[in-house]
Amino acid sequence: MERILTRNVDNAEALTLHGYEASGGYRALRKAVSSMTPDAVTDEVKKSGLRGRGGAGFPCGLKWSFMPKEVDSRRPHYFLINADESEPGTFKDRLLMEKDPHLVLEGSLLGAYAIRAKAVYIYIRGEFVYATQVLMRAVAEAYARNYAGANILGSGWSCELIVHRGAGAYICGEETALMSSLEGNRGYPRLKPPFPAASGVWGCPTTINNVETVANVPFIIERGADWYLTVGKPPKNTGPKLYCLSGHVKRPGVYEAPLGLPMKELIYELGGGMLDDDRPLKAVIPGGSSVPVLRAEDCDVDLDFDSLAAKGTMLGSAGIMVMDQSTCMVAAMARIAHFYHHESCGQCTPCREGCGWLERVLNRIEAGNGMSQDLDLLLSVSNNIIGNTICALGDAAAMPMISFVTAFRDEFQHHIDHRSCLTGTRALQGVR
Amino acid sequence: MPKVVIDGEVLEVAAGTTILQAALTVGREIPHYCYHPGLSIAGNCRMCLVEVEKAPKLVIGCYSPVADGMVVHTDSAKVKEARSAMMEFFLINHPLDCPICDQAGECRLQEYSVEHGGGASRYTEPKRALAKAVDIGRHVMLDQERCIQCSRCIRFCDEVTQTSELDFFQRGERSQIGIFPGKRLDNAYSGNVVDLCPVGALTLKEFRFKTRVWYLKNTPSICGGCARGCNVVVSVGQQQTMMTTRGQLDDRVKRIVPRVNEEVNAHWICDEGRMSYVNEQEAVRLPASRIGGADAPYDAAIAAAAAKLRDAARNGKLGLIASPRTLSEDLFAWGEVVASLGGATRGVRQIVRGENDALLIRADKGANARGAAWIFGAAADETAVMDAVSRGSATTLLVLGDTLDPKDTPTLPPAAQGRVEVIFAGPFVSGAAERAAVAIPSASWSEADGTYVNFEGRAQRVRRCHLPLGEARPGWRIALDVAAAAGAPVPAWGNADDVLRALAASVKEFEGVTVEAMGLLGVPMPVSSGV
C-alpha cells in the first residue's frame, strides 16, 4: 500500500524546503494559485469527500463553502489550523508537524487560498516544543521562497503564516475556545451560532481545520478528487487516515491506512498483536478518550466514521487505546474522569460541577468505598451533563463514563460489593 | 414579526427577541442566573434551558432568538429535569450557609431551590472550601464559596464601568472570581455588583450582618445625590420582634439599591448615592427647635420665626436661600408664604462638585435644581441674595437647609455675620443652624413625600420611607405653621399631594405633574419652557 500522508516520515530531507520540494512538495500550491480559482479548490475538496480529521468528521469542502465568496476589506478572512492535539491517545498531528512540516504548511496555504484568507494561524499545543521549532523553521523557509507573504508566487494573493503556541489547556482545542485564546482572552468556548464562517476570530469570517485534514489537501489538488475517491471506503469515508495505536499491543504507534481499516487488522497485524499473548483483548477506546468504549466482542469493526457510529461510538481523533484482560475498567475510567475534571474550563455549570463530582465518586469506588447507589448516580450525573453544556467537553466527559459503567457494570459492581478488583491484580485501599 | 408559541400561548414579538424575553412579555419568567438585561449574554449558568420542538437538544432561552413558527416549552418534563439537574450542580459545592448569609431571603439559589430543586442532595463528597471574606474593594466583600460563577460582576466591570477589575482565575471547578493583582474594586459604581450577584457571594460592607432582609420595609423613591435623579428602593428596618436597646423601632435606612428605570438610570446607581444614607446618619440632626441657640417649644419657635419674617418682608429686607435638594412642594409652600408676608429676594444655591461622567454621575449635586429654577425662576440664584445681604438690603435671611449633606449647608459671607439675622429650617445642625436666631427641624430626604425634577426635566416622586426623627416636620408644613402664626392666609393643604396640586396649578412648568402621572417612573416635562 502506498503511504500518502506519511510518505516523508522516514525522509529526513523533507524537513528542509529543498527536500520537501524534491519529494514533489508545493506542486499543488503552485497548481492552485496559477491555474485554479479559490472556488475550484473548494469544489475539488468537496468532491473528494474529505472529512475533518479532528474528531467530528465534518465534510471539509462543505465547511469551506460556508465562507463568504467576497472579502469585506474590514473583515478579512482567517484560516486557523488546530494543532492543539490534546485528546488522550492521539499523537498523529505531532508526527506530521515534526516529520513533514511543509506538508502541513502547503495544506494550510491551499485552504487559505480556497477561503481567500489574509492569514493562517497555526495554533499549536504549547507542550509541542520540538514541533513548534520545526514548524517555525519551515515557515521561515516558506516565506523566503514566497510560498507565504505578499503576492504568493506572483499570483496577486497575499497570506501571512503565523505559528501561535497555546499555553496548555485541552479546552483550547475546542474551535471557539481556540479563537478566544488566540485573541488573548481566556480559553472559553463561545455560544453558537454564530459559527466561525460568519464570525470567528476577531469577529471575522474564519475556517478552522485540523492538521491532518489540511495535510490531505495537497494530494487532492495534485492528483485530483477522482483519485482520492478511490482511497478508503467511498463515498463517505474516503482518503488515507492516520491511526494512533496505543495500549496493550506489541507495537504501538501511528499507522497510515485507508479509511475503513478493520480494527482487528490494526491491532493484530500492524500492531503486532496483544502485548502479552496470555492476556486477550478486553476493550478498545477507538477514537480518543472521549468516545464510548467497545467491548472485545464488538471489535470486529472497520475504523471509519460510519462503521464506528453504527456501533454507537466514534472514530473521533482515531486514538485507538487497546486494553487487555488485566485492565481494571474502574481504574481506567477514573483516570479518564480525572483528565476531564482537570481540563473542564469551568465556564458552564454542568461541566464545571459535574466533572469533579464524577471523578470523586469514581475515585471512591476505585478505592473500595463505593456505595450501592453510586453506579446509578454516575449515570444520572453524566446524563445531566450531556447536551446541556456550551461545548462538547461536557459530553466528552460523560460519554465514556456512561459507556464504561454500562458495558462493564459487573466490574464496577464488584468493586462496590467486594471492595476488591475483579481483575485480581490489585488490592483496594478502602476503609469504611 | 415572528409568531411563536410558548407553552401553548401564541404571541408575536419583534425579530431578534430571545425566548427568555418573549416569555417575559406574557408573564412567564424562565429561571436564570447569568442573564441580566443590562449586560451582555454569557449563557453559562444553563438554568434557562427550554425545549424547542424539532431542536435536537434543549436550548438556552437567554441567547436563542425566536423564529417564526417556533414552538417552545418552558415547563415540559425534559425542561424540569434539566432545571432540577442544574440546581443540583449549583448546590453540590455551595456552602449552604444561609443562616448567616446576607442574601438569604432574596437569594435566587433559595428561590429556585424551592421552585425547581430536588429537595435532597445526592452529593456525599467533601465540598470545595474557599475563602469566605475577601476584601476586594471599598464597599464590597467577596465570599468565594457562595459564588456560582455567573460572571455578572465581571461583565459589569468590563461593560458598564469599563474598569475591568474582576475576572475568573484558575480553571474548571477550581476557578474563582478574583481581583487583578494591584487592583481594588473601587470604581464609582462598585456597589452594583452586589445587587447583580444572584447569590450571597458579593456583599456590601455597609449592609452585611446588619439585618435580615425580611425585616426590611422597601419604598420606591428617588436618589437625592445629584441632578440625575436615579430611581432607587430605600429599605428601612422594621424589626417586629426585637426592639433596640433604646426601646424604639429601628426604622432608619439600612440600604439603598437601584430601581430599574431605563429612561434615567437603567439598572444602576453610583456608590455615592448608595452611601448617601450613611452620611446622613453620621451627621448631627437638629433634634428640636431652638431660639437663640437654646431649645424651645416648636410653637414658640414658629411664632418667633413668623414675627421676624413678617417684619423683614414688610420692610423689603428679607432674603431666602434654599438648598437645590429641597423638595418642590417645600419650595413652593415657602415661596407662597413669604410672598403673602410681603416677598423676599430668593435664591437657590448651586452645589457643583467634580464632573459629569459618562454613566450617571452629574457634577450638579442639586437633585431638584431644575424644579427650584421652575418655581423660583432661573434668575434666582444665591449670589443675588448674598449681594443683597452685603449691600444691607436684606437683613433677615431664611435658610432652607440641606436635606442630604449637612456639609453643603451655606456659610454666610463674613461681612454679613452679625449684620444679618438667620431663620433656619433644615434637618441637620450646621453653621447656619447654630448661628440662627430661630432654628426649626425639618424632615430629611427619606422622611417626606415630594417631587424632584431631574436635569432632563423629569418630575419624579420622592417618598417618605420612615417617620421623621424627633420634632422634624415636612418643610411645607412648617411654612404653613409660620403663615398661620404671622396672621397670613393659610392654604388648605393637608398633605404633600395637596401642595403639588396647587404647585401644578400655579407654576406652568409643573402643569400636568400629578402623583398619578409620575407613577413609579416619573414623567418627562418639556424643558424648553423652563431654564
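Computed from a predicted model, the values in this text were never measured in an experiment. Here is how names work: the chains are called A, B, and so on, in the same order as the sequence lines, proteins then strands, and each is numbered from 1.
Other residues, nucleotides and ligands place more than 12 heavy atoms under 6.0 Å from the NZ atom of B:K127. Heavy-atom contacts from other residues, nucleotides or ligands closer than 6.0 Å to CD of B:E81 number 12 or fewer. Crowding of B:K78 atom NZ: a count of heavy atoms from other residues, nucleotides or ligands under 6.0 Å exceeding 12.
For chain A, the option among B:A82, B:A85, B:C150 with the highest count of heavy-atom pairs below 4.5 Å is B:A85. Among A:C345, A:G187, A:A169, A:P193, the residue making the largest number of heavy-atom pairs under 4.5 Å with chain B is A:C345. Of the residues considered (A:P350, A:C351, A:G387, A:S380), A:P350 shows the highest number of contacts with chain B, using heavy-atom pairs under 4.5 Å. Between chain B and the residues A:V361, A:I171, A:L393, A:N384, the largest count of heavy-atom pairs under 4.5 Å involves A:N384.
Here the side chain of A:R186 pairs a donor or acceptor atom with the backbone of B:F168 at under 3.5 angstrom. Between the side chain of B:R174 and the backbone N or O of A:G346, no donor-acceptor pair lies under 3.5 Å. Between the side chain of B:Y63 and the main chain of A:K192, no donor-acceptor pair closer than 3.5 Å is present.
To the nearest 0.5 angstrom, A:I386 atom CD1 is 10.0 Å from B:K57 atom NZ. Separation of atoms OG1 (A:T389) and CG (B:N44) is listed at 12.5 Å; rounding is to 0.5 Å. Atom CD of B:E88 sits about 3.5 Å away from atom CH2 of A:W357, to the nearest 0.5 Å. Between atom NE2 of residue A:H342 and atom CD of residue B:E173 there is a gap of 11.5 Å, rounded to the nearest 0.5 Å. Note that CD1 of B:I148 is 8.0 Å distant from CZ of A:R352, once rounded to the nearest 0.5 Å. Distance OG/B:S64 to CG/A:L191: 9.0 Å, rounded to 0.5 Å.
Contact annotation for B:Y33: neither backbone nor side-chain heavy atoms come within less than 4.5 Å of a heavy atom of chain A. Residue A:R190: no heavy atom, backbone or side chain, is found under 4.5 Å from chain B. A:E343 touches chain B through backbone and side chain together, each having a heavy atom under 4.5 Å away.
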Would you check, one step at a time, whether the test side-chain contact (heavy atoms from CB on, under 4.5 Å) holds for B:T124 with A:R364? CA-CA 11 Å; B:T124 54; A:R364 200 157 39 70; 3.6 Å; yes

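Looking at B:R46 and A:E353, no side-chain N of the basic residue comes within less than 4.0 Å of a carboxylate O on the acidic one, giving no salt bridge.
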